[in-house]
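Single-structure report; data block below.
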Amino acid sequence: MLKQTELPQISVEELKRLRDDETPHVLLDVREEHEWQRARIEGARLLPLSRLAHELTAALPADLTPDSHVIVQCHHGVRSVQVTAWLRQLGFNNVFNLAGGIDDWSLRIDPRVPRY
């Protein structure tokens, strides 16, 4: 299993550049529904870790391919590390963890996103 320090990560600033440049990517939010209702990054796709744990690959969006550029995010970056490692083990080689998660996004990029 890859360690967190070995997993490719991007900063919230890098994600903002991707979004500003309209670089195609999928932002997967692996938090739970109640967290999603509280705060979210616009355009993110909700895929709770609890759902992944039960449904595994069946829970993945149908349009997600091994070539998709995927950024995985959660609250602080712990759950997203798990999902990033798992997707990479499945052969998704263009998957990155969002360092600091939505909390860092709120602090450094968009203060309109509520912190919790």
Side-chain angles (χ1 to χ4, degrees):
M1 177 95 154
L2 291 169
K3 296 177 186 162
Q4 181 172 351
T5 55
E6 297 172 341
L7 284 172
Q9 299 190 73
I10 68 165
S11 68
V12 291
E13 291 84 5
E14 290 171 299
L15 175 59
K16 182 169 184 340
R17 275 192 296 279
L18 286 174
R19 296 166 66 88
D20 289 348
D21 294 344
E22 298 181 7
T23 302
H25 66 280
V26 176
L27 179 59
L28 283 183
D29 187 331
V30 297
R31 297 173 305 140
E32 296 303 314
E33 176 76 29
H34 68 278
E35 294 173 286
W36 171 266
Q37 293 301 326
R38 179 178 259 177
R40 67 178 142 241
I41 298 173
E42 188 173 330
R45 295 164 84 174
L46 180 63
L47 183 58
L49 180 59
S50 62
R51 182 171 171 215
L52 276 172
H54 289 99
E55 299 176 30
L56 300 174
T57 56
L60 294 175
D63 62 342
L64 197 67
T65 70
D67 296 325
S68 297
H69 186 186
V70 181
I71 294 97
V72 184
Q73 63 116 148
C74 64
H75 190 197
H76 289 109
V78 177
R79 289 171 282 183
S80 57
V81 163
Q82 296 172 329
V83 175
T84 299
W86 179 69
L87 287 171
R88 285 191 159 266
Q89 288 175 346
L90 289 176
F92 291 83
N93 296 315
N94 203 15
V95 178
F96 302 85
N97 179 54
L98 181 62
I102 195 169
D103 193 61
D104 210 25
W105 180 267
S106 178
L107 283 171
R108 296 166 64 183
I109 304 298
D110 188 355
R112 295 171 300 172
V113 174
R115 293 187 67 217
Y116 62 97

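Worth knowing before you read on, the calculation uses all heavy atoms, side chains too, and leaves out hydrogens, waters and symmetry mates. Since we're looking at a predicted model, the values are computed, not measured.
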Heavy-atom check, side chain of Glu14 versus side chain of Arg17, under 4.5 Å
yes
What's the separation between atom OG in Ser50 and atom CD in Glu33, rounded to the nearest 0.5 Å?
10.0 Å
Nearest 0.5 Å, please: how far is CZ in Arg40 from CD1 in Ile102?
9.0 Å
Hphob cluster co-occupancy, Val95 + Leu15, side-chain heavy atoms under 4.5 angstrom
no
Looking at side-chain heavy atoms only, is the closest gap between Leu60 and Phe92 below 4.5 Å?
yes
With rounding to the nearest 0.5 angstrom, report the CG to NE2 distance, Leu18 to His69.
5.0 Å
Other residues, nucleotides, ligands: >12 heavy atoms within 6.0 Å of Arg38 CZ
no
To the nearest 0.5 Å, how far apart are CZ in Phe96 and CD in Gln73?
16.0 Å
Around Gln37, counting heavy atoms of other residues, nucleotides and ligands shown, do more than 12 lie under 6.0 Å from its CD?
yes
Nearest heavy atoms of Ser106 and Pro114, plus distance in Å
OG-C, 4.3 Å
Any donor-acceptor N/O pair, Asp29 side chain to Arg31 backbone, under 3.5 Å
yes
Hydrophobic cluster membership, Trp36 vs Leu98, 4.5 Å side-chain cutoff
no
Is any side-chain heavy atom of Gln82 closer than 4.5 Å to a side-chain heavy atom of Cys74?
no
Does any part of the side chain of Ile41, heavy atoms only, come nearer than 4.5 Å to the side chain of Ile109, both counted from C-beta?
no
Using the rule that two of Ile, Leu, Val, Met, Phe, Trp, Tyr join whenever any of their side-chain heavy atoms come within less than 4.5 Å, decide whether Val30 and Leu46 are in one cluster.
no
If the threshold is 4.0 Å, N to carboxylate O, is there a salt bridge linking Asp110 and Arg19?
no
Would you call the rings of His75 and Tyr116 parallel, tilted or perpendicular if under 30° counts as parallel and over 60° as perpendicular?
parallel
With a 3.5 Å distance limit and no angle check, can you tell me whether His34 reaches the backbone of Glu32 through a side-chain donor-acceptor pair?
no
Identify the two heavy atoms, one from Ala85 and one from Leu7, that lie closest to each other, and give their separation to 0.1 Å.
CA-CD2, 3.9 Å
Minimum-distance pair of heavy atoms, taken over all atoms of Leu28 and Leu64
CD1-CD2, 4.3 Å
Considering non-hydrogen atoms only, spot the tightest contact between Trp86 and Thr57 and give its length.
CH2-N, 3.9 Å
Are Leu56 and Val72 grouped together when hydrophobic residues (ILVMFWY) are joined by side-chain heavy atoms under 4.5 angstrom apart?
yes
Side chains of Leu52 and Leu47: closer than 4.5 Å at any heavy-atom pair?
yes
Identify the heavy atoms of His25 and Thr23 that sit nearest to each other, and give their distance.
ND1-O, 2.7 Å
Strictly distance-based, threshold 3.5 Å: is any side-chain N or O of Ser68 a donor or acceptor partner for the main-chain N or O of Val70?
no
Locate the shortest heavy-atom distance separating Val113 from Ala39; write the atom from each residue and the value.
CG1-CB, 3.9 Å
Measure from the side-chain N and O atoms of Arg108 to the backbone N and O of Asp104, and report whether any donor-acceptor pair falls under 3.5 Å.
no
